[in-house]
Structures are given as structure tokens and as C-alpha cells.
Amino acid sequence: MPADPVKRDAHPSQPPGAPVGRTVAAAPTAAAPPKIECRSLTKVFGARPERVVEFLAAGGTKEEAQARFGNAVGVYDVDLSVRAGETFVLMGLSGSGKSTLLRLLNLLHDPTAGEVLVDGVDLTSLARAELLRVRRTKFSGMVFQQFAILPHRSVLDNVRFGLEVQKLPLAEQRRRALEAIELVGLAGWEGSLPAQLSGGMQQRVGLARSLAMDADVLLMDEAFSALDPLIRREMQDELVELQARVNKTIVFVTHDLDEALKLGDRIAIMRSGRVVQLGGAEEIITAPADDYVEAFVAGVDRTGVLTARSIMQPVKATAHVGDGPHTALTKMRRFGLSGLLVIDRERRVQGYASSEAVIAQLGRAGSAPSAEAPEGAVPDRLPLAPALTVGLDTSLAELIAAAAGSSEPIAVVDEGRRLRGVVVKGAILAALASEPPPSAGSGKGAAGAA
Amino acid sequence: MLLDYRIPIASWVEKLVRSIQSAWAAGFDGFADIVRFVINGLLGGLQAVPPLVLLVVLAALVTWKAGWKLGLFTAVGLFLIHNIQLWTPFLQTLSLVVTAQVLIVVVGVPLGILAASSDAAERIMRPILDFMQTMPAFVYLIPAVMFFGIGLVPGVVATFIFSLPPLVRLVNLGIRQVPVDLVEAADAFGATRLQKLVKVQVPQALPTMMAGLNQSIMLNLSMVVIAGMIGARGLGAEVLRGIQRIQVGQGFEAGLAVVILAIVLDRLTAAFAMRRRDGSRAREDG
Ligand SMILES: Nc1ncnc2c1ncn2[C@@H]1O[C@H](COP(=O)(O)OP(=O)(O)O)[C@@H](O)[C@H]1O
Ligand SMILES: [Mg+2]
């Protein structure tokens with residue numbers, strides 16, 4: 001059996017192995033205590049699941065188990081931990097067990113084997129009354145693909161559902177529900193019935209119903225999958241924004257890689273009820289754990305379609321080879337950059353000067369390393385490191401490889417090595433997560449173009 | 001005869017019935033007393049009201065719930081029934097129908113909910129319900145008469161058994177048809193079983209449940225006529241008398257009164273189902 005790449009992340013005491021690392025978001029660190037932990041979690045549907053578990057433990061596959069016993073295997077032997085405050089994405093093809101795993105987290109499905117710990121408490125050991133209390137206090141309910149809001153209730157009455165279940169005073173229910181409605185941008189629609197709302201608005205009701213709960217963990221099952229692409233992207237953006245404000249622990253199920261890359265701090269890829277890879281966005285793209293993940297990534301990947309030309313940004317500032325260190329530092333400070341590409345008179349890229357290198361050089365020059373030092377006391381040449389340069393037609397895949405492990409901007413140059421733009425790491429991730437250009441087609445259609 | 005010995009089924013059954021009767025005597029008597037009390041109370045109340053007042057009140061009620069057309073029909077129908085001197089049998093039948101229906105709802109709705117919440121319960125109930133529905137209506141008169149003799153009470157019992165299945169079935173169906181994610185949502189937000197039932201399942205299942213109510217009322221009415229055979233006074237007994245004495249005209253008149261009652265009850269429950277849905281909306285909006 002191949003080494004399970006998940007295992008190393010399952011126990012936060014062990015350091016995660018050589019992550020490519022996300023430089024963008026300040027994701028919660030592995031040191032934070034896990035919010036949710038799954039240990040050898042298994043769910044087999046149907047009668048007499050124990051014999052199916054035995055069969056699987058002896059090396060049988062999910063498909064064989066289905067054929068032999070007639071039991072569907074939802075999830076098998078999953079270990080993972082979700083950190084407080086992160087957005088954790090479960091991704092995989094239809095039937096891979098994402099929804100089942102999500103429903104195991106709040107015990108909507110009873111595990112066949114294994115444990116689910118929330119804040120260190122094993123939910124499988126709780127009596128029903130205690131479990132209900134955990135669902136009311138630790139979880140913000142769930143957001144469903146088909147919204148699952150009650151058609152006979154107004155928006156307000158839907159949103160206060162979770163509070164009504166807790167038998168809170170009506171005034172508090174209303175107050176908190178109205179806050180949540182405001183938060184999702186539905187103010188003014190409180191009295192409307194779901195049938196009067198568009199799909200996107202109905203899902204806002206679903207989201208508000210969860211936000212009104214004001215509990216830590218938000219479970220979302222394909223929450224945006226039923227929406228039009230435009231609305232879907234809008235909702236994704238809003239979720240990212242919202243998450244920055246409310247800082248929940250989100251477990252988000254999707255079959256859409258773009259969505260996973262856009263939302264996820266970490267992504268777990270599921271196949272046949274197992275987690276086959278767990279890691280950050282770049283790790284999944286650049287180092288797929290097996291053929292399945294690779295096919296999955298390739299299937300929705302546009303890294304071969306987008307080029308440096310399409311995602312590069314205009315250069316805000318450059319240094320000229322003749323510039324002194326003080327001039328360069330001033331430019332960096334003015335534009336908020338951590339380094340400058342250095343070009344000659346024909347805009348040909350000569351190298352890269354990082355702020356550290358420039359400051360270090362000023363220090364070595366002996367005199368006070370302050371900007372007020374007389375011009376003549378310091379060397380007038382910038383410390384040049386080789387710049388990362390790529391051509392205009394470099395594919396996104398190559399850009400990812402080039403960007404891996406470095407935080408420098410990548411210089412995009414034309415045939416004459418003249419500087420045309422820069423690509424920063426954030427732009428690569430944004431490109432991965434955004435819609436493809438019209439010519440590239442969408443989703444799986446882009447696979448062949450890679 | 002193939003065998004000299006005659007298998008004494010009749011005497012077995014009599015013994016069984018008698019032993020059940022003596023073992024549960026208090027229960028049977030108590031039940032019979034309650035049913036009789038309710039029917040007679042209802043009938044007494046209805047009879048105390050002057051026919052014209054009752055006519056106007058019922059027509060107004062129907063108009064309010066189901067529109068003026070059915071209201072007008074009700075007024076004309078009731079006038080006709082009074083005019084052909086079937087007013088008292090009509091009230092007797094109405095009391096019987098209402099009492100039996102209350103019993104059907106009180107028992108049928110919880111049974112339907114039980115069947116919906118447990119596959120095992122459904123597996124047990126389904127063949128019994130099938131059996132109950134495939135038996136000819138007359139068959140129910142036999143046990144009813146065995147245990148309760150002749151009169152109103154066995155009429156109610158036979159009607160109850162005959163008309164119960166569709167309500168149980170459709171309550172079960174309605175609740176099972178509630179979209180699974182709505183039920184999951186209720187669970188995910190920490191609802192108890194009762195909260196889930198009251199806040200999600202029943203409101204969602206209401207139209208189907210109302211269809212079950214409507215069907216059971218219709219069966220109820222048809223059985224009430226048959227119950228005339230075992231001494232339940234009312235329109236059924238009038239129809240029967242018409243048949244027995246070969247007075248076609250009188251039998252037809254009584255049948256017409258039954259039809260009028262059936263149409264009004266059918267339309268009224270259909271309209272009431274709609275009302276209930278609108279009403280629940282309006283209430284929760286406020
Ligand atoms: N309630 C259920 N009863 C029986 N089998 C189920 C049930 N829910 C899911 N399954 C099976 O479990 C497997 C995983 O399903 P699911 O978790 O819904 O996948 P996904 O959400 O990734 O599409 C599938 O084979 C599915 O048929
Ligand atoms: Mg799913």
C-alpha cells in the first residue's frame with residue numbers, strides 16, 4: 001500500500017512535511033489545536049456493516065464490497081484534523097464520499113467505526129440530548145446544495161430556525177436573524193417567501209440561517225454548486241470576505257477545483273471514500289499524490305491554457321542599472337515593494353535587487369546605514385541577483401513551477417528580453433481559481449488543451 | 001358430507017368473542033358509552049338548533065371556507081333535505097360521520113407518523129392496511145356487531161376500520177416524501193424529533209395529509225350508508241328501508257341526501273386543505 005500522504009497531517013504534533021506553503025493568506029498554523037478530528041472514520045451504509053468493514057480491512061475495495069455485500073461504502077478509514085479558523089475543502093468526484101464525510105462530522109450519519117472529536121470531545125460517545133446540544137452550540141447547522149429552506153416560512157422565520165429550536169426568546173431570535181440577514185445582504189426581504197427569491201438569494205437565506213447560529217463550525221455541502229456561474233463566483237467572493245470578518249471554521253464540500261482553490265486554506269481530495277491527498281492549493285496542483293488527483297487537477301486545470309501574457313501585471317516601479325541604493329530603497333518604500341527588477345536603458349532585465357540585499361550592502365559600506373548618509377560614502381552600484389524571467393507565452397503550469405519556493409516577482413519579457421510585466425504569486429493563484437477565458441472552454445473541456 | 005364431523009368454527013368464534021368480551025368488558029363498555037355519549041350529544045345539539053338557523057350557519061360557514069358557489073349549493077341542498085322530510089336522518093348521519101371521523105383522525109394521524117418514522121412499523125402496518133382495504137365493506141359489520149351489538153356504536157366501529165387506511169397511508173407517504181435535505185437541515189440545527197415533526201415534516205406533508213383526510217371522509221360516508229344495515233339510524237337506514245319495501249322513490253330521496261352531504265364534505269375538505277396552507281403562511285409572516 002502506498003504511503004498515505006494524509007497521515008502526516010492527521011496528527012498536528014508531527015510537522016507537516018515540506019509544504020510548498022501558501023504565502024498569501026495567514027492560514028492558521030499547524031500548531032493550533034484541531035477544531036475537528038476524525039480518527040479512522042468509516043461509514044458503511046446498509047445492513048450488517050461490520051462484515052463489510054472486515055472485508056475492507058482485509059484489502060477489499062469499495063466496488064468489490066458493493067458487489068459482494070450490497071452495502072455502499074460512504075467513507076473508509078479517514079484520519080484528518082480541521083484547524084480552528086481555517087477553510088477546509090473536501091473535494092472529489094460525485095460519489096467519492098464527500099457528503100458522507102461532512103455528515104459524519106456532526107453525526108448526521110452515525111459512524112460505523114472510528115471517532116469524531118470536536119474540541120477534543122468524542123461525539124460518538126455522547127447521549128442523544130448531549131449530541132443535540134453540540135449541534136446547537138458547536139455547529140452552525142449546515143448549508144445545503146438545494147438550500148433546504150422551508151418553503152412555507154418567510155425569510156426571517158427561516159433564518160431564525162436554529163434559534164427557535166434552541167427556544168431562545170423571540171426578541172433575541174429576531175434580532176440575531178435580522179443581523180444575519182443584513183450580513184448576507186438580504187435586508188428588506190425578511191417578509192418574503194422563498195418562492196419569491198432567486199436561487200442565489202435563497203442560498204443567502206440558507207447561509208444566514210447558519211450565521212445566525214453564531215457557532216464556530218460551518219458545514220457547507222456543495223453550497224454554491226446549484227447556482228449560475230456568475231452568481232456562484234459572487235457568492236464565493238462574498239464567502240471569502242465574510243470569513244475574514246466572522247472567522248469560522250468552515251468545512252466546504254465541492255466537486256469543483258476552481259472553487260476549492262479559491263476558498264480552501266487546505267484541500268482534502270477524496271476518492272472512493274478515502275482521502276487520497278491533503279494539502280494547500282499549490283501542493284495539490286504541483287504535486288498531485290497519484291493519477292486520480294492528477295487527472296482531477298488536469299480535468300479542471302487551465303494551467304496549460306493561461307499564459308504569462310494573460311495574467312501579468314504592469315510593472316509599478318523598476319530600478320535602472322545606474323541607480324544608487326538610496327534611490328532604489330526610496331522607490332521600494334514609495335510603492336510598497338520588497339524588491340525591484342533592475343533594467344537597462346532598453347528595458348532589458350539585468351537582475352533583481354531585493355530590499356534585504358540593498359540594506360545589507362549599505363551596512364557593509366561601513367558608514368551609518370541610514371538613508372541620510374552622504375551619497376559618496378556608499379557604493380553606487382546595486383547588488384544584483386539573477387531575476388526570474390519568463391517569456392510572454394509561458395504557461396501557467398511553468399509559472400507555478402518557477403514561482404515555487406520563491407517570493408520574488410517573475411519578470412515577463414518579450415523576444416528582445418525587454419520587460420513587459422510582472423507576475424506575482426497571488427496572481428497565479430487567482431488565475432487558477434478564476435474562470436477560464438472564453439476560448440479555453442470551461443471545466444473538463446480544457447483538459448486536452450494542456 | 002365428506003366427513004361426519006362438522007368442524008365447529010361458529011362455536012369457536014363465539015367462544016373467542018365471548019371470552020374477549022368478558023376479559024375486556026369494562027373497556028368495550030366504556031368505549032361504547034363514550035361513543036354513544038359523543039354521538040348523542042352532537043345529535044342533541046344539532047337538533048336543538050332550528051333547521052333554518054342551522055341551514056344558514058352551515059351555508060355561511062361553507063361560503064367562508066369554500067366560496068359562495070358551494071355555499072349556495074349547501075343552502076339549496078339542505079333546504080331540499082328538510083323539504084323531503086329527511087332532516088332528522090340527515091342529522092343522525094352527520095353526527096355519525098363526524099364522530100367516526102374524529103376517531104379516525106385521532107388514531108390515524110399518529111399511526112401514520114409512526115409508520116413514517118420507523119421502517120419496521122411500516123412493514124408491520126402495510127399488510128394490515130392492505131388487508132383492511134381489500135375486504136368488502138360489509139365484512140366489518142360482523143366483528144362490530146359481535147363486540148358491540150346493534151346500533152350506532154358498531155356503525156362507528158365498522159366505519160372507523162373501513163375508513164382508517166387511506167389516512168394512515170397518506171400521512172405516512174406525505175411525511176416520507178418530505179425532501180431529505182429539509183429533514184437533514186432540521187437535524188443539523190439540533191432539532192429534537194418532535195421539533196422536526198412539528199416544524200418541518202407536518203407542514204411539508206400537510207397537502208398529502210389533507211388528501212388522506214378527504215379520502216377517509218369519503219369512505220366514511222359510504223360506510224355510514226352500509227351501517228344502516230346494523231341499526232345505525234340515519235340516511236343509510238332510510239335507503240335500506242326504501243330497498244326493502246321496494247319503494248324506489250323513497251330510497252332515491254335518501255340517496256340524494258347522501259350525495260348532497262358527500263359533495264359538500266368533499267369540496268369543503270379540499271378547500272380547507274388550501275386554507276390551511278395559506279393560513280400557516282400568513283400567521284408565520286406576522
Ligand atoms: N443514505 C445513503 N444510503 C446508502 N448509500 C449512500 C447513502 N448516502 C450515500 N451513499 C453512498 O455512499 C457513497 C458516497 O456518497 P456521497 O457521500 O453522497 O458522495 P459525494 O457527496 O462525494 O457525491 C456513494 O456510493 C453513495 O451511493
Ligand atoms: Mg454530495
Side-chain angles (χ1 to χ4, degrees), chain A residues 47 99 102-103 105-109 128-167 190-196 205-206 209-210 212-213 215 217-222 226, chain B residues 109 113 116-124 170-171 173-213 271-286:
Chain A
S99 297
L102 191 74
R103 281 160 179 70
L105 299 184
N106 62 358
L107 250 59
L108 278 191
H109 287 325
R128 184 170 161 86
E130 289 173 85
L131 176 63
L132 290 188
R133 208 178 49 76
V134 168
R135 284 187 190 151
R136 291 170 181 186
T137 54
K138 301 274 183 190
F139 291 96
S140 289
M142 194 182 273
V143 184
F144 296 83
Q145 179 170 10
Q146 297 300 335
F147 323 139
I149 55 179
L150 295 166
H152 63 284
R153 286 184 164 218
S154 68
V155 168
L156 177 66
D157 289 333
N158 264 296
V159 172
R160 66 181 180 84
F161 180 82
L163 310 174
E164 181 186 330
V165 159
Q166 296 175 46
K167 302 205 176 80
E190 297 84 5
S192 309
L193 286 172
Q196 298 167 303
V205 176
R209 177 174 61 179
S210 282
M213 292 282 280
V217 184
L218 183 53
L219 304 177
M220 304 181 78
D221 190 359
E222 307 251 12
Chain B
V109 171
I113 290 171
S117 52
S118 150
D119 287 343
E122 195 201 23
R123 263 198 304 279
I124 295 169
L170 285 173
V171 169
L173 182 72
I175 290 180
R176 282 180 183 266
Q177 275 178 343
V178 175
V180 62
D181 58 351
L182 285 184
V183 178
E184 278 188 331
D187 282 329
F189 283 88
T192 62
R193 287 195 184 89
L194 186 64
Q195 286 175 327
K196 187 165 58 174
L197 188 69
V198 171
K199 294 179 196 297
V200 177
Q201 291 172 308
V202 168
Q204 286 300 300
L206 207 58
T208 310
M209 288 169 68
M210 281 296 168
L213 183 73
F272 191 59
M274 309 284 283
R275 280 278 159 158
R276 275 296 293 272
R277 266 179 286 170
D278 296 347
S280 66
R281 274 179 194 174
R283 226 182 13 260
E284 291 180 6
D285 269 357

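The figures that follow rest on heavy atoms only: side chains count, while hydrogens, waters and symmetry mates do not. Below, chain A is the first sequence line, B the second, and so on; all start at residue 1.
A:T137 does not touch chain B: none of its heavy atoms, backbone or side chain, sits under 4.5 Å away. In this structure, chain B has heavy atoms under 4.5 Å from both the backbone and the side chain of A:M142. Contacts between A:R103 and chain B at a heavy-atom distance below 4.5 Å involve the side chain alone, from C-beta outward. Interface residue B:E184: backbone and side-chain heavy atoms are both found under 4.5 Å from chain A. No part of B:K196 comes within reach of chain A, as not one of its non-hydrogen atoms sits under 4.5 angstrom from that chain. Contact annotation for A:K138: neither backbone nor side-chain heavy atoms come within less than 4.5 Å of a heavy atom of chain B. With a 4.5 angstrom heavy-atom cutoff, A:I149 touches chain B only via backbone atoms.
In this structure a side-chain-to-backbone donor-acceptor pair under 3.5 Å is missing from B:Q204 to B:Q201. Side chain of A:R209 to main chain of A:F161: no donor-acceptor pair is present (N/O by atom type, distance under 3.5 Å, no hydrogens or angles). Judged by distance alone, with hydrogens and angles left aside, the side-chain atoms of A:S140 form no donor-acceptor pair with the main-chain N or O of A:M213 at under 3.5 Å. Under a 3.5 Å cut-off, the side chain of A:Q145 and the backbone N or O of A:E222 do not form any donor-acceptor pair.
A:S210 is not listed as a side-chain neighbour of A:F139, based on a closest heavy-atom distance of 4.5 Å or more. By the 4.5 Å heavy-atom criterion applied to side chains, A:N158 and A:P194 are counted as neighbours.
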